[in-house]
2 protein chains.
Amino acid sequence: MENVVLKKMREYLGFIHGDSILAPGGSISNMYAVMGARHKMFPNYKKLGLKALPQLVLYTSIDSHYSAMGAAASCGIGTDHVIQIDVDEIGRMRVDKLEEAVLATKAKGHVPFFVNCTCGTTVVGAFDQINPIADLCQKYGMWLHIDAAWGGGVLLSRKHRHLMAGIERANSVTWNPHKLMGTHLQCSTIHFRQDGILLGCNQMCAEYLFQQDKHYDVSFDTGDKVPQCGRHNDIFKLWLMWRARGTDGFEEHIDHLFEMSDYLVQRIKEMPDKFHLIQEPQMVNVLFWYIPERLRDQPQSKERVAELGRITAQLKARMMNTGTLMITYQPIRELPNFFRNIVSNSAVTKDDIEFLLAEMDRLGHDL
Amino acid sequence: MENVVLKKMREYLGFIHGDSILAPGGSISNMYAVMGARHKMFPNYKKLGLKALPQLVLYTSIDSHYSAMGAAASCGIGTDHVIQIDVDEIGRMRVDKLEEAVLATKAKGHVPFFVNCTCGTTVVGAFDQINPIADLCQKYGMWLHIDAAWGGGVLLSRKHRHLMAGIERANSVTWNPHKLMGTHLQCSTIHFRQDGILLGCNQMCAEYLFQQDKHYDVSFDTGDKVPQCGRHNDIFKLWLMWRARGTDGFEEHIDHLFEMSDYLVQRIKEMPDKFHLIQEPQMVNVLFWYIPERLRDQPQSKERVAELGRITAQLKARMMNTGTLMITYQPIRELPNFFRNIVSNSAVTKDDIEFLLAEMDRLGHDL
């Protein structure tokens, strides 16, 4: 089941060979990618440990998931050696700044090692531009990892897969079907373009567990490819779902989520007194503030934005106490708290979107 | 739920304060222990990475689980710096050899760092002696980790908890309720005697996920304590089970497993022509060979043992093809393949044990 489903996913990535495995979450997937890259570049590391390596440097955007930082801490690169690259106005890693950072690393005598390119950033849902980043990776000999934990699902939609143009050039890809594809939590995958890296990196050859003299094809024993031993059988949910929905079903699902998000954006724009859209979404992350009555006639200012941030937390508390809505909120960079709505359920209709907006107004108008 | 159950487990460990979390498997738990120990000894490591550390050395017995090796590879210690200590005749780490190895490490200018003491080794089910090992850890300033993934459950039995005497002296303990306690796969826990290490080690302070201005007690947001982000809700099964069975129920369960294993050992000894017990078990791992008719009147010899090893694999294939039995087998050290029977289900009765032995004889007598 794992073989069949993971091979199918690799086809969407454009990986002809390659290897994949399920991991306990996107963060650990990203860690496995760092381990794989390190093993590929420094195969002695497994035996010799940290003394075998020069100082490696990892690049990721300031909007990327914190697990890039976590992987660097766990794997011994150190968070000081994770360079966080600025993003452009829609949240994509700035490729010019990336090259500047690589040159600065080389000038210091350190080794540019790993670029974490995010397809679907957590908050904004931005897609870093794969092709120009892949060009830089090629130029400087760096590993290209795509963290598509959130965005990976768009590959299944002919209409939206252009967001990940160049994906076939990645060395490794994290893709969580439990996100955009709607598989039940948890179902996280990591894919490598080159076969054999996982096994080379993690195999400990525990003879007492992975005997080679069994009476069946032992290549089905995939346990030695990851630092885990016992594993959840998370593939079954995805396999069953794929059988039931088919690829067309997934495509419809993804397209529907985008349509519903577009509808939410359209409705927010139609009520500029009550809602403020923070930016045009690239994906299904819709970022906005709710504006209570007392602030509706005020012009936008630093003070008003700060007040909208406070209102966001207050309105969320009202939602949770009432129990009718639950929308996540967070700050980013210089912006205070705002709502981030994600449509991830096929069953959501335009009526639900209308309810959401009306209910926010009912709960929040007097804040 | 997590707080309640994990606190209760810490009570059985004799940890008055401390902290715990669920992990995706015992191997990752052991890795978290190495990370916690490294963070405690070298708090700068998280920021500075591998350049901040001297060469660390980790000790574990030759019979321990391969994840000690895996953690060393992943965390940058290097498998060359994992010293595998010999075991005594019943599979326990030799404490004299451990001290010798520590002295040799110091003579080299390396740092004795971490002792992985196993309670319930994978194959033999041996319990390393905690107290004398803890004395050495104290003497040389090493972190004492107990890998009780397999054996941890004995703590719930007044009759058998003596196997883990000294457990309260550990710095960290891996304990998988999905093993001896019979919780559904997967349910793995890692415990630290000192509070705050997990958060200090792994926290990345992702503001956009772990906001501090929520309207409830944010100490319930435990996500930032581990390198994972999304996590399986594995505690629910254990919480429910504990509510349903009670502590007495767990005790009865554990005691029953030991009784059934004792019965199997007794029956094997009563049929020395057909079965050969490899060693007296400390726990529920019962190790034995099946002897087919043609080998019954031969004296034990190197050739006969090798032949019994081959027969083990053949008989296992017959079991799987017939579908009536499934008993695991493996080699260890100089011994070829043998059967390792584990009773882990409360519902097993003496009749099942009788069936197991009779069925092996039916399937294997002409091998």
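Each chain gets a letter, A, B and so on, in the order the sequences are listed, and its residues count up from 1.
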* Side chain, backbone, both or neither of I77(B) within contact of chain A (heavy atoms, under 4.5 Å) -> backbone
* Structure fact -> For K179(A), the salt bridge (charged side-chain N to carboxylate O under 4.0 Å, His left out) test, sequence neighbours excluded, returns none
* **NE2/H110(A): more than 12 non-hydrogen atoms of other groups inside 6.0 Å** => yes
* Ring centers of Y45(A), H39(A) separated by less than 6.0 Å -> no
* Asked: Counting only heavy atoms not in K237(A), do more than 12 fall under 6.0 Å of its NZ?
  -> yes
* Tell me, out of L53(B), N44(B), V34(B), V82(B), who's got the most heavy-atom pairs with chain A below 4.5 Å. => L53(B)
* Structure fact -> When the 4.5 angstrom heavy-atom criterion is applied to N30(B) and chain A, the contacting part is neither
* Decide yes or no on side-chain contact (heavy atoms from CB on, under 4.5 Å) for R310(A) and N337(A), but give the supporting numbers first. => CA-CA 7 Å; R310(A) 276 188 292 273; N337(A) 289 327; over 6 Å; no
* To do: Could you look at L56(B) and say if it's the side chain, the backbone, both or neither that has a heavy atom under 4.5 Å from chain A?
  => neither
* Structure fact -> Ranked by heavy-atom pairs below 4.5 Å to chain B, first place among S188(A), G49(A), G76(A), A72(A) goes to G76(A)
